[in-house]
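What follows is one structure encoded as structure tokens, with my remarks underneath.
Just so it is clear, the model here is predicted, and its values are computed rather than measured. Every heavy atom of this structure was used, including side-chain atoms; hydrogens, water molecules and symmetry mates were not. One-based numbering along the sequence shown.
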Amino acid sequence: MNLNGIRVTGRELEVWRLVALGRSTKEIAAELGIAPKTVEKHREKVYLKIGGGANHVVALVHKAVRHGVITIEVRWRDGTASTIKGARA
């Protein structure tokens, strides 16, 4: 799969999305039916493919939004909402 120049497998995309949504390694492993070590390996592969950064999780979330892997909805105190989403290839 190619997301704006970043080539990831289907499983890497699933792990990337779940990490970006705040799931723990154990939660991801249980949801996908794979070992926690496998989740960590997929997360590391995605991290290397996106170019990383100082903080793994922040970089993964930032790139996930930027590349359309996830969408973030912000609800403001006044009751309005804003959606932040990136371009998906």
(request) Drop me the distance from R75's CZ to T83's OG1, to the nearest 0.5 angstrom. (result) 8.5 Å
(request) Could you grab the distance from atom CG of N2 to atom NE2 of H67, nearest 0.5 Å is fine? (result)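 Rounded to the nearest 0.5 Å, the CG-NE2 separation comes out at 10.0 Å.
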Can you confirm whether [X] sits close enough to [Y] that some side-chain heavy atom of one is under 4.5 Å from a side-chain heavy atom of the other?
{"X": "L21", "Y": "V19", "value": "no"}
{"X": "L48", "Y": "E44", "value": "yes"}
{"X": "L32", "Y": "V15", "value": "yes"}
{"X": "V65", "Y": "T71", "value": "no"}

(request) For residues I70 and A20, report the shortest heavy-atom separation together with the two atoms involved. (result)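 What the structure gives for the nearest pair is CD1-CB, 3.7 Å.
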(request) Considering non-hydrogen atoms only, spot the tightest contact between P36 and A29 and give its length. (result) N-CB, 3.7 Å
(request) Kindly state each residue pair satisfying side chain to side chain donor-acceptor pair (under 3.5 Å) with at least one member in residues 13-26, sequence neighbours excluded. (result)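 Listed once each, the pairs are R11-E14, S24-E27, T25-R43.
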(message) I'd like to check the side-chain contact (heavy atoms from CB on, under 4.5 Å) partners of S82; sequence neighbours left out, ordered by chain and number.
(response)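 side-chain contact (heavy atoms from CB on, under 4.5 Å) list for S82, sorted by chain: W76.
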(request) State whether the side chain of E12 and the backbone N or O of T9 hold a donor-acceptor pair below 3.5 Å, judged by distance alone. (result)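 Side chain of E12 to backbone of T9, a donor-acceptor pair under 3.5 Å: yes, one is there.
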